[in-house]
Amino acid sequence: MATCTRTVWKVFTGCQRQLRARGPAHTGVSQMSVPVRTFAAVRAMKKEKKKEEAEKEVKKEKRVIDDKDRHKPYGKTAWAPVDDVYVMRFYPRTIHGAADAIDLLKNFQVLDFTPKNQAVFIDLKLDMKLEKKKRVDQFVSVVHLPHPFRTTENKVLVFTEDEDQVREAQLHGAMLAGGAELIQPILDDEISADFYVAVPEILQKLVALKSKLRKKFPKSKRGSVGVDVPKMLDLFKTGHEYLVEDECYIRTQIATLDMNKHQIYENLKNIVSDVCSHRPADKGPFIERAIMSTQASEALWFRSEDVLLKAADEKKKKKEEE
């Protein structure tokens, strides 16, 4: 009897469990199926929080190590080599004064038995950056060197329709002077010159030559457009042209090695001063790196700041004398 009651009780409790799990089979109200979510939703980050986190991230600044008070430079063997032959990467790069670099180039010529009249070049790297991601435009300039190294004068063509200016240009050594009749011969390569200058009145008629002349086309910024024709001819007949290439580099000849030290230095000073005049004065130094060399010598790094300081001192003295 006891076993029967136990069996009946187990069946009864099992039926109750099944009924609870299934729930009511029929109800008067329709029940909506609720989806079962097995994971927690990720809370979306607000844009403001992202901006705050981005501002908190501070860029790692490069650590500048002052090597002046060290017994040897950081990461190098010594300040200066003892032997004549040494591995350059183990020692700091030697930066000479401009005058000392000229003396070394002359000594190299004697030791290496190279030509005395070889060309002297400078290679400048410029800092063309300005505020707000702006840059200094690449420029072309003509400098009047105090000691010209070329034996022949440049050929200069003058565009003007004034007969008096044509005669004046011919008297001052212009290769050719004329008006719109010179346009077609230039397009046909029958006439070519080193420089082209013009008066303002004729510029509108010269538009057809822009694609042909390109950088040689007369422009007021370069000083090749003006009313004073003799002054322009004096500049461009003996002037030295240089330009910025590859966004920030200038490589140009300044003299020949057979010229004396003073003449080479004066030409260098004029070119460096003219280069720095193309950058606003309040933007800091313009030249990042300055190298001097000849056709057969090694490259010597020199300090362009010394040249600029001497040029500024000379200008002050001239003003005081006046």
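Nothing fancy with the numbering, it's 1 onward along the sequence. Because the structure is predicted, anything quoted here is derived from the model rather than measured.
- Under a hydrophobic-cluster definition in which Ile, Leu, Val, Met, Phe, Trp and Tyr are linked whenever side-chain heavy atoms come within less than 4.5 Å, directly or via other members, Ile186 and Val166 are assigned to different clusters.
- Electrostatic pairing of Asp189 and Lys212 counts as a salt bridge here, judged by a charged N lying under 4.0 Å from a carboxylate O.
- When side chains are defined from C-beta on, Leu257 counts as touching Lys106, because their heavy atoms get closer than 4.5 Å.
- Judged by distance alone, with hydrogens and angles left aside, the side-chain atoms of Gln118 form a donor-acceptor pair with the main-chain N or O of Ala296 at under 3.5 Å.
- A distance of 7.5 Å separates CG in Asp137 from CE in Met128, rounded to the nearest 0.5 Å.
- Side-chain contact check for Pro230 versus Glu168: some heavy-atom pair is nearer than 4.5 Å.
- Within the 4.5 Å cutoff, the side chain of Met175 has heavy atoms near those of the Ile191 side chain.
- Residues Ser297 and Asp112 are not in side-chain contact: their nearest non-hydrogen atoms beyond the backbone lie 4.5 Å or more apart.
- Looking at Asp127, its side chain never comes within 3.5 Å of a backbone N or O of Glu288 through a donor-acceptor pair.
- Aromatic pair Phe149/His240: centroids less than 6.0 angstrom apart.
- With a 4.5 Å cut-off on side-chain heavy atoms, Phe108 and Thr294 do not count as touching.
- Here the straight-line distance linking atom CG of Leu145 with atom CD of Glu266 works out to 11.0 Å at 0.5 Å rounding.
- The side-chain heavy atoms of Val227 and Val199, taken from C-beta on, include no pair separated by under 4.5 Å.
- Note that SG of Cys248 and CZ of Arg289 are 8.5 Å apart. Values are rounded to the nearest 0.5 Å.
- No more than 12 heavy atoms of other residues, nucleotides or ligands sit less than 6.0 Å from atom NZ of Lys231.
- Atom CH2 of Trp301 sits about 11.5 Å away from atom NE2 of His96, to the nearest 0.5 Å.
- Here the CG-CZ distance, from Leu130 to Arg135, works out to 8.5 Å after rounding to the nearest 0.5 Å.
- Between the side chains of Thr160 and Asp162, no donor-acceptor pair of N or O atoms lies under 3.5 Å.
- Taken from CD1 in Ile202 to CG in Leu182, the straight-line distance is 8.0 Å, to the nearest 0.5 Å.
- In this structure, the side chains of Tyr242 and Asp274 come closer than 4.5 Å at one or more pairs of heavy atoms.
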Take Phe159 and Leu203 through the side-chain contact (heavy atoms from CB on, under 4.5 Å) test and state the conclusion after the steps.
-> CA-CA 9 Å; Phe159 289 108; Leu203 277 179; over 6 Å; no
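- Using a 4.5 Å heavy-atom threshold, the side chains of Val229 and His172 count as separate.
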